[in-house]
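This one's a predicted model, so the numbers in the text were calculated from it and none came from an experiment.
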Amino acid sequence: MAKLIDGKMISQQIKDELKEKVAALKETGKEIGMAVIQVGNDPASSVYVGNKKKACEYIGIRSESYELPEETTQDELLSLIEKLNADEKIHGILVQLPVPKHIDEDTIIKAISPKKDVDGFHPQSVGALSIGQPGFVSCTPAGVIQLLKRTGIEIEGKECVVIGRSNIVGKPMSLLLLRENGTVTITHSKTKDLKEVCKRADILVVAIGRPKMIDASYVKEGAVVIDVGIHRDENNKLCGDVDFDSVEPIASSITPVPGGVGPMTIAMLMYNCVEAATMFD
Ligand code: NDP
């Protein structure tokens, strides 16, 4: 039976550490400010934005909320970002994605100053990660590294296989595992013999976006399995990209869904917000 990797507990630990750090920064006269921008009122986005604001409040970060109507133009959004880029009281800028279709996501991501890019999506942040320079790291993969480290799972020298090569999960995940001296293989929809490649993994990170696709036939006995996926199954229950019941008996450690990777994303966003106050000093 696999050991469960408790993302709920670890994310709370991180938030509590950050709370102390923010209090210490306040004593030196530094208050962290975050701008949280939502365009339109997509219900799922409103939930995410609400959770981010709550986390800021818990940690002691001042958040400024911008709830813009659906018909906001790209130019209007760009001029708000420009204003916030120049605002010394704002250390991080969060634009909740997706934005409405008439706004180009890439243009918005590039408009945010890399010094305030707490989501880690700006091309400069991604480039900095790949050449080992200071910059923000995409929150979900950064959270996976924290899960591994804080449960005492060594990455150095391990065979790490990542399923998925998206810009927000798979690619930065691979770069982070490489930074930790893992031997990394990235797989995707054109990979031949996916099962065979996955079976080499000591650490298998699954970000494929397909409910319960990865069962025990993809997993080596004793592997660590990290499930990034989030879906609702046929009974409306949350599930991941991994078939938990099939994989759990043979893995050495596994993240559950919910309560694994999910809670880490916001914790690492808060980590980036706190870093934003000092990273480029
Ligand atoms: P994407 O859909 O952007 O990427 C999926 C990746 O999986 C692609 O690289 C794709 O390959 C690959 N893939 C799809 N089908 C196959 C297949 N049959 N065999 C091999 N590779 C395949 O997803 P994301 O990276 O954004 O997200 C992945 C999962 O993680 C989703 O379930 C999402 O909901 C979840 N997620 C969870 C977060 C959290 O906070 N816990 C945050 C972000 C995402 P190709 O590039 O060739 O198309």
Item to check | Side chain to side chain, D245 and D243, heavy atoms closer than 4.5 Å | outcome: yes
Checklist entry - Got a donor-acceptor contact below 3.5 angstrom from the K116 side chain to the L84 backbone? => result yes
Item to check | Chi angles and distances behind the side-chain contact (heavy atoms from CB on, under 4.5 Å) call for V36, Q96 | outcome: CA-CA 7 Å; V36 184; Q96 183 62 44; 6.0 Å; no
Checklist entry - Is a donor on one side and an acceptor on the other found under 3.5 Å between the side chain of S125 and the backbone of F121? => result no
Next on the checklist: Tell me if a side-chain donor or acceptor on N85 pairs with a main-chain N or O of I93 at a distance below 3.5 Å.
Outcome noted: no
Item to check | NZ on K195 to CG on D215, rounded to 0.5 Å | outcome: 6.0 Å
Checklist entry - For the side chain of H188 and the backbone of K190, is there at least one donor-acceptor N/O pair under 3.5 Å apart? => result yes
Next on the checklist: Are M34 and K52 packed together at the side-chain level, in the sense that at least one heavy-atom pair is separated by less than 4.5 angstrom?
Outcome noted: no
Next on the checklist: Suppose clustering is done on Ile, Leu, Val, Met, Phe, Trp and Tyr with side-chain heavy atoms closer than 4.5 Å. Which residues sit in the same group as L204?
Outcome noted: L4, V161, I163, L194, V197, V206, I208, M213, I214, Y218, V219, V225, V242, F244, V247, I250, I254
Checklist entry - Is a donor on one side and an acceptor on the other found under 3.5 Å between the side chain of K158 and the backbone of I153? => result no
Checklist entry - Should H91 and C273 count as side-chain neighbours, where that means a heavy-atom distance under 4.5 Å? => result no
Checklist entry - Is the shortest heavy-atom distance from the side chain of M264 to the side chain of V144 under 4.5 Å? => result no
Next on the checklist: My understanding is that a hydrophobic cluster links ILVMFWY residues whose side chain heavy atoms are under 4.5 Å apart, including indirect links. Using that, what else belongs to the cluster containing I131?
Outcome noted: none
Item to check | Flag if over 12 foreign heavy atoms under 6.0 Å of NZ, K8 | outcome: no
Next on the checklist: For K115, I'd like to know if atom NZ has over 12 heavy atoms of other residues, nucleotides or ligands within 6.0 Å.
Outcome noted: no
Item to check | CA sep, side-chain torsions, deciding dist, call: E64, K83, salt bridge (Lys or Arg N to Asp or Glu O under 4.0 Å) | outcome: CA-CA 13 Å; E64 274 180 21; K83 189 184 103 193; over 6 Å; no
Item to check | Reported CD-to-CD distance for the pair Q133 and Q124, which is rounded to 0.5 angstrom | outcome: 9.0 Å
Next on the checklist: Closer than 3.5 angstrom, by distance alone: can the side chain of S252 be matched with the main-chain N or O of G222 as a donor-acceptor pair?
Outcome noted: yes
Checklist entry - Do the non-hydrogen side-chain atoms of V95 and D119 ever get within less than 4.5 Å of each other? => result no
Checklist entry - Do K199 and E159 sit within salt-bridge range, that is, some charged N less than 4.0 Å from a carboxylate O? => result no
Next on the checklist: Grouping I, L, V, M, F, W and Y whenever their side-chain heavy atoms are under 4.5 Å apart, do L238 and V261 come out in a common cluster?
Outcome noted: no
Item to check | T255 side chain vs D227 backbone, donor-acceptor pair below 3.5 Å | outcome: yes
Next on the checklist: Quick check: do K53 and V49 have side-chain heavy atoms less than 4.5 Å from each other?
Outcome noted: yes
Item to check | Verdict with supporting geometry, V274 and M270, side-chain contact (heavy atoms from CB on, under 4.5 Å) | outcome: CA-CA 6 Å; V274 175; M270 293 300 114; 5.6 Å; no
